[in-house]
Trainee: 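Got a structure for you, questions after.
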Amino acid sequence: MEIAEKLIKTHSLTRKEALELLKYWEDPATAAKLVQAAEEIRRKYYGDKVFTRGLIEFTNYCKNNCYYCGIRCGNSHAARYRLTEEEILDCCKSGYDLGFRTFVLQGGEDPFYTDEKVAGLVKKIKASYPDCAVTLSIGEKTKEAYRLFRQAGADRYLLRHETANEKHYGKLHPPAMSLKVRKQCLYDLKELGYQVGAGFMVGSPGQTMECLAEDLVFLQELRPEMVGIGPFIPHHDTEFAGEPAGSVKLTLFLLSVIRILLPQVLLPATTALGTMDQKGREKGLAAGANVVMPNLSPVKNRKQYDLYDNKICTGEEAAECRECLGRRVASAGYRLVSERGDFAGAKD
Ligand code: SAM
């Protein structure tokens, strides 16, 4: 309990302290203390607001082969699709009409969508919806490409670091990928003035408490504006098909810890959390999350963005998703808002 109090008081943890705190993840008294502190902090900065981001999963082609991911290039069973520019703009239009003021373009690393094409797309979205934020989540690019996207108007970039432990990174990714490059991308994005989102899966194969402690230390070092965490969920066409999924309880514990470590951070209650537990997203909000990301992708392609098994929200139209999440957020005692929802610290 002492260590939880230290975190709440100082908003910081060394690696050793993080490891000590993680010993208590199943202890109800420690979890309750952290949840209470996390709730007070999010109310201080964001009141009862929950921000919403319209997620457009625009391509599942990927040149990478991350071992955990259902759309990795080595999965020959994946039914590939990519949305046309027109389809993406249609998603934005219906999203805008539903009240979304942030669009997140997420996809595999698809060589068809060259840097120039992505920049052109961002420009078009920003020209049509100047009051909206555009977030990209399209993986590792050169600093020049990130600069091009930023000049085109991109505001934010989501790139989970996946794990801050070198050895663990090597277990999850092929030798061609490296943690060093991943981290460099995040620092490049920060330098270019993006609001940056890092993050990791909870319970990915080979993850130890030491890895999680390193994740927490890395987040304090990077100080991202957003942190996306959700349980690892196995996909049947990956080498991790038989591995257990990550724990919802540990994910919730970590959400509270991250809210306390980075008080103003934007913290999504993820679809993976909702997949593992029917009330996962509501529980995530109660633990300190303040963002939800309903899907705006065309229903005909939803099932094909198949990162892990049994992914939820693959059958509903955007309007239904928006309504359903609005109800869920209200039932958890919060208010889904339409505003862009920038990082609170950005205005300081
Ligand atoms: N290609 C981009 C990238 O690598 O950042 C964005 C798309 S990638 C599919 C989005 C996120 O999905 C990854 O950062 C990863 O954490 C998550 N993900 C992939 N496979 C998963 C799985 N089996 N369980 C839970 N999350 C998974």
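Every number for a ligand or one of its atoms is a count from 1 in the order of the listing.
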Trainee: Parallel, tilted or perpendicular for Tyr81 and Tyr305, by the 30°/60° rule?
Mentor: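 The rings of Tyr81 and Tyr305 stand perpendicular, inter-plane angle above 60°.
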Trainee: Hey, could you give me the OH/NZ distance between Tyr24 and Lys33, rounded to the nearest 0.5 Å?
Mentor: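 Nearest 0.5 Å value for the OH-NZ distance: 13.0 Å.
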Trainee: Looking at the rings of Tyr68 and Phe232, which for Trp means the six-membered one, are their centres under 6.0 Å apart?
Mentor: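 Tyr68 vs Phe232: aromatic centres not under 6.0 Å.
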Trainee: Taking a hydrophobic cluster as the set of Ile, Leu, Val, Met, Phe, Trp and Tyr residues connected by side-chain heavy atoms closer than 4.5 Å, whether directly or through intermediates, do Leu105 and Val196 fall within one such cluster?
Mentor: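 The answer is yes; both residues are in one hydrophobic cluster.
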Trainee: For the pair Arg42 (side chain) and Ala289 (backbone), establish whether a donor and an acceptor sit closer than 3.5 Å, ignoring hydrogens and angles.
Mentor: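 Judged by distance alone, yes, a pair lies under 3.5 Å.
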Trainee: Return the orientation label for the His173 and Tyr169 ring planes: parallel under 30°, perpendicular over 60°, tilted otherwise.
Mentor: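 Rings of His173 and Tyr169: parallel, as their planes differ by under 30°.
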Trainee: Note down each nitrogen or oxygen pair, ligand 1 side and protein side, whose separation is under 3.5 Å; give only atom names and the distance to 0.1 Å.
Mentor:
| unit_1 | atom_1 | unit_2 | atom_2 | d |
| --- | --- | --- | --- | --- |
| ligand 1 | 1 (N) | Gly107 | O | 3.0 |
| ligand 1 | 4 (O) | Arg182 | NH2 | 3.4 |
| ligand 1 | 5 (O) | Arg182 | NH2 | 3.2 |
| ligand 1 | 14 (O) | Glu162 | OE2 | 2.5 |
| ligand 1 | 16 (O) | Arg160 | NH1 | 2.9 |
| ligand 1 | 16 (O) | Glu162 | OE1 | 2.8 |
| ligand 1 | 16 (O) | Glu162 | OE2 | 3.4 |
| ligand 1 | 23 (N) | Tyr68 | O | 3.0 |
| ligand 1 | 23 (N) | Ile233 | O | 2.7 |
| ligand 1 | 24 (N) | Ile233 | N | 3.0 |
| ligand 1 | 24 (N) | Ile233 | O | 3.4 |

